Every structure is written in structure tokens, then in C-alpha cells.
Amino acid sequence: MLVLTLGSLVAAGLPLITALVGVWIGVGTAFALSTSVEMNNATPMLALMVGLAVGIDYALFVVNRQRRLIIDRGLEAREAAGRAVGTAGSAVFFAGLTVLVALVALTVIGISLLTTMALVAASTVLLAVLVALTLLPALLGLIGERIVSTKTRQKRQAKSEEESHSVADHWAKAMVRFRWPVILGVVAVLGLGAVPAASMDLGLPTGATANTDTAARQSYEAITRGFGEGFNGPLLVTVESASGAAVDPQTLGAVTQLLQQRNDVVAAVPVGTSKDGAMAVLSVIPTSGPDDDATADLVQALRAPSSSIAQEYDVVVGVTGFTAIGIDMSDRLAEVVPVYLAIIVGLSLLILLVVFRSIVVPIQATVGFLLSILATFGVTTAVFSWGWAGWLVGIDTGGPLMSFIPVIVTGILYGLAMDYQVFLVSSMRESYVHGYHGPASVVHGFDQASRVVVAAAVIMVSVFAGFIFTHDVMIKQMGFALAIGILIDAFLVRITLTPALMALFGDKAWWLPRWLDRILPDLDVEGDRLLQMLTRREDGEQSPRPDAVGPK
């Protein structure tokens, strides 16, 4: 019964089946980790989004390669499945490796929340790769020849490969022919989209950014009208003696009075002291709101060892609370984003250099990603901070972006962008290795791989866009940024800009210095050595054995 059920599945359903299996295991792992590691509500949701995206991607690429081998070369389904895993499976492995690098690199930031989210998402990606390379071939074996219908086989056999008039073929030829206008046009569009990113503001959501019809927003406005905006984000100020002795009540009173005399403080009230008297806690109400720059300046001024309070009374002042934590997280993430980008770009450049054995391709892939990520941040800022077309995503008030959105989105989008790059350009390299040169290799490789890239991108945009309409603003922003990022990177950078750039460089795109060629391992991602081995085996089987020639 199981075999009959699996055999009735269409090829389009297999990637979803395998992706769901990988996500089920990955999210199950996430909840298992929650027993020993503190996780927020976004962690399983992030694992779900990433697992569905890469799981469908990888399974779709393998299934597409098997179907091509069946239709174009007339192979049996099981033979085609083996060859698909032997060739496309290598691309899946290295594509997954780039995603893992991008996610695991988040641990260098040193924020436990992001570390947990990154490791759980990375475990889901790892499981998605394993499922695509193990469970998927088993399912393909069960389905057998039913993976391609008889009508599709007959229709394809009636056409020769040279007579291809597909949309992908026409698109690639147009990108190759008008490569300079395409390159300049895409760069101009992405540059324009990146302009709002210059004013990107990071923070944590507050009642001020909630929709006007919500209780959180109405309560925030009521408190602001009655007491002032600062009452929505009080600060907890700790006071300790620099010598380690107990805090003198007179000193505490003097510190409280100095705080109340500041122009940026509405009120300062002692809350209590520790049992040994070594620490006192005050509640300080700023004049500005939680998201205002003036509040961040106040926090920094109070913490400064050179402040008048610390110097005059020989005390150490600390600031904590929800508002201060949000400010600290934003500052920390703003500092580490360049370091994080340098790490993932450096490691991924090395991976792509080994995979493609080319200097041009890794640089082109990385520059294209930088353009797409800047445009992604620009569009996201315009929608969620400026409020442009906010009704499309269900918001009526602009506000700061979540502090860790840029880092999380950068890591995930970089991995997925390199997925597209590996899938598309590995097919171009395969065409080059098998005898196509110049623009012909670009057109032929694009025609072979672009369908699966477009299908995967459409699926992933749909997956991420589905999270835009949740009530959680953090999930909403993350879903939108990932959806628009995939849309920009897949359709503007990979499908449009990449073939134009590859045609511009021609065969020089595969140039590699001899000394570097000797150092780098030859991974044969396009499966050329595998095909040569299979061809020799087939030729050996077709030639008569020596003992079978002549009369007995």
C-alpha cells in the first residue's frame, strides 16, 4: 500500500514531502533543545522558514536533474536517480555548506539569543541536506518510471535539443545580447532600492510602533498623554560603591537628587537595596521615549565612568531594564555586522573558489549578493520605518527594525543566494566542460538550470510571504525581508544579472592561475569524471567479449 501511495505522487510533490520531513525533524530537534537551552518564540519559526526553503530547494534540484536525464538522454528512472545524486547531489552538498557557514558564523556575535536561533536553524539545514541525499533517492526508487509521464517523454523526444525555443532559452539569449544595458540597468535599480538603507534605524518593538487599533498602542498613547512618553520605558539604575562597601543612604539621596536635576530625566525614585547594602536600585524615568536617540544618550551618559555622579560620589553606576537592553543589543549588532559580513564572505569566497575553480565567479556572486542585500534593507526600511505601502503588510505606523533582523536576514539570504548561484552557474560550468564555449555555455547552462531556480525562488517567496500576515511584528519583518530579498536576488541578480556578466567574461570566467589550480582540490561538482566513467562502462558493455567472437 505504501509503495502504491508513493508511486502515485507527482514529481512536484516530492520536494515538498522531503522538505516537510526535514522540517519536522529539525523543528523537533529545536523543541528538544529547548529543554536545555532558552529559546524565544521566533526560534522554532525561524527553523520552520529556513527548513522549508532549503528543503524544497535541494529536493527540487535533484528531482529536476533526474527528470532531465530521463527525458533528454532516455535513461531508466533508477539509473537517472543515481546519476542525479552523483552530480546535482554535489551541488546540493556545497550549497548547504554555504548556508551552514552563514548561520554558524552568527555565533561569533556573542549574543546567546542569536546563537540559539542560528544553531537550531543550522541543524535544520543540515537535516534538509541529509534528507535530500538519502530519503529523496529512496522515494525516487519507489516511484520508478512514473516520475515522468509517457506523454512528456514522447513530446520531448519529438524535439531535438538544438531546437529549443523555451522561454528560458529566449531570456538567456536576450541577457547575453543586451548584456551592457542589463548590467547597468540592474545596478541602477538595486542602487535606487538601497537608498533608504542609509537611514535604517534598529531597535525593539514598543507600543508606539503597534497598530493604532491595538490595546498596546492605545495604552502607550494614554500613558504618554497622562504622564509623558518616558513612562513607557523606565530605566533601572544600579548604584554601587567603588570601594565595595555598603552604599551610604546620604550618598544614595544625593545621587537621586542629581538625577532628578537632569534635563533629560522626569523622575528618579529609589526602589530598594540589596541585603548587604552593597547595591541600590533606582527607577529613572527619562523625558524621551524608548526608541528616541535622547534615551540612548542618557543611558551612555549614566554609565560613563567619567560622569559627574561617579566622580563626585565614588560610585559605579549601571543601567538595565527592557529599554537599556534594547539599546545595548542594537549597538552590539551594529558593531558586529561588518565583522560578520567579512567572515561569511571570506569563507564563502573560499568555498565557491574550490567549487567552481574560478576567480571571477566567486567575486561576481559576492558582489551580486551585496547589491541585493542593500536593496533588501532599503525596501524593508521604506515599508516598516517610513510606512510606504504599509497597508500591504498590515501596519499603519512606522518604527525601527528589529535589532537582529539585519544579521539574521543577511545570514539566511547569503546562504540561499549562494544556493541559486551554485545551481545556476554549476550548470553553466557543466555546459562549458562538455564542449560549449563563450555565450553558448551561458545560454545552454541557463536553459538547463533556470527553471528549477525560478521554481525554487517562487516557492520560497511564497513560504516567507506567508509569515508577513502574522501579528508578531518580529516575524512579520523577518518574513517580509526574506521574501523581498529572495525576490530581488533570484530574479534581478541571479536570473538577470548573472547571465549578462557571465557572457561578458565568456570563457575567461573559468580562468584560474596555474599555481592556484595545483593547490585547490578538484571536486568535480559538475560530475564530469562520473559521466566519463559511466560512458566507458557503457562502451565496454556494448563491445563484444573476445571469447564471443568467431565460431565455438
Side-chain angles (χ1 to χ4, degrees), residues 20 23-24 26-27 30-31 34 38-53 111 113-114 116-118 120-121 124 196 200-224 229 231-233 289-291 321-323 325-327 329-330 333 376-377 379-409 411-413 459-487:
L20 288 175
V23 168
W24 177 67
V27 175
F31 282 109
S34 65
E38 182 180 356
M39 294 197 305
N40 67 343
N41 295 333
T43 302
M45 193 66 69
L46 177 65
L48 177 63
M49 287 192 290
V50 176
L52 280 175
I111 298 178
L113 172 66
L114 288 180
T116 303
M117 295 175 70
V120 171
T124 307
M200 183 171 60
D201 186 24
L202 302 179
L204 293 178
T206 63
T209 60
N211 287 344
T212 55
D213 59 348
T214 61
R217 176 65 177 274
Q218 293 168 2
S219 300
Y220 186 96
E221 292 180 345
I223 291 174
T224 300
E229 195 170 8
F231 277 81
N232 291 290
D291 295 329
F322 182 79
T323 301
I325 291 174
I327 293 171
M329 183 175 292
S330 299
L333 291 172
T376 298
F377 290 155
V379 175
T380 305
T381 299
V383 173
F384 286 94
S385 295
W386 296 0
W388 290 6
W391 58 271
L392 288 175
V393 296
I395 64 169
D396 55 20
T397 304
L401 298 183
M402 292 293 297
S403 301
F404 54 83
I405 289 291
V407 178
I408 290 288
V409 170
I412 296 175
L413 281 184
I459 292 172
M460 281 195 294
V461 169
S462 302
V463 169
F464 291 136
F467 293 92
I468 295 176
F469 304 101
T470 62
H471 296 293
D472 191 330
V473 66
M474 177 173 61
I475 302 299
K476 185 188 292 287
Q477 290 183 358
M478 189 180 300
F480 178 85
L482 290 173
I484 199 69
I486 293 296
L487 197 65

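Here the structure is a predicted model, which means the values were calculated and not measured.
Considering CD1 of I405 and OG1 of T381, their distance stands at 11.0 Å, rounded to 0.5 Å. Between the CE atom of M474 and the CD1 atom of I408 there is a distance of 10.0 Å, given to the nearest 0.5 Å. Between the CE atom of M402 and the CE atom of M329 there is a distance of 8.0 Å, given to the nearest 0.5 Å. Rounding to the nearest 0.5 angstrom, the gap separating the OG1 atom in T323 from the CG atom in D291 is 8.0 Å. For the atom pair L401 CG and T380 OG1, the distance stands at 6.5 Å (nearest 0.5 Å).
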All N/O donor-acceptor pairs, side-chain side in residues 388-395, below 3.5 Å, sequence neighbours left out:
none

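Partners of V463 according to the side-chain contact (heavy atoms from CB on, under 4.5 Å) rule, which considers only residues two or more places apart in sequence or in another chain, are L52, I459, F467. Every side-chain contact (heavy atoms from CB on, under 4.5 Å) that A216 has, sequence neighbours left out, goes to A210, T214. For F377, the ring-ring contact (aromatic ring centres under 6.0 Å, His included) test picks out no residue, with sequence neighbours left out. Every side chain to side chain donor-acceptor pair (under 3.5 Å) that S330 has, sequence neighbours left out, goes to S403. With sequence neighbours left out, T470 forms a side chain to side chain donor-acceptor pair (under 3.5 Å) with no residue at all. When the side-chain contact (heavy atoms from CB on, under 4.5 Å) test is applied to E221, the partners found at least two apart in sequence or on another chain are R217, R225. With sequence neighbours excluded, no residue forms a ring-ring contact (aromatic ring centres under 6.0 Å, His included) with F464. Checked against ring-ring contact (aromatic ring centres under 6.0 Å, His included), F231 has the following partners two or more places apart in sequence or in another chain: F227. Under the side-chain contact (heavy atoms from CB on, under 4.5 Å) criterion, V473 pairs with P205, Q477, not counting sequence neighbours. Residues forming a side chain to side chain donor-acceptor pair (under 3.5 Å) with D396 (at least two apart in sequence, or on another chain): T212.
Smallest separation of non-hydrogen atoms from G289 and Y220: CA-OH, 4.3 Å. Residues V461 and L487 come closest through the heavy atom pair CG2-N, 3.9 Å. The heavy-atom pair separating A481 from V409 by the smallest distance is CB-CG2, 3.7 Å. When every heavy atom of P400 is checked against every heavy atom of L202, the shortest pair comes out as CB-C, 3.9 Å.
With a 4.5 Å cut-off on side-chain heavy atoms, I484 and V379 count as touching.
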(request) Please test F384 against M200 for side chain to side chain contact (heavy atoms under 4.5 Å, CB included), starting from the C-alpha separation and ending with a verdict. (result) CA-CA 10 Å; F384 286 94; M200 183 171 60; over 6 Å; no

(request) I would like to know whether L333 and V407 meet side chain to side chain contact (heavy atoms under 4.5 Å, CB included); could you show each step before the answer? (result) CA-CA 8 Å; L333 291 172; V407 178; 4.0 Å; yes

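When atom types are taken as modelled, the side chain of S385 and the backbone of G399 share a donor-acceptor pair closer than 3.5 angstrom.
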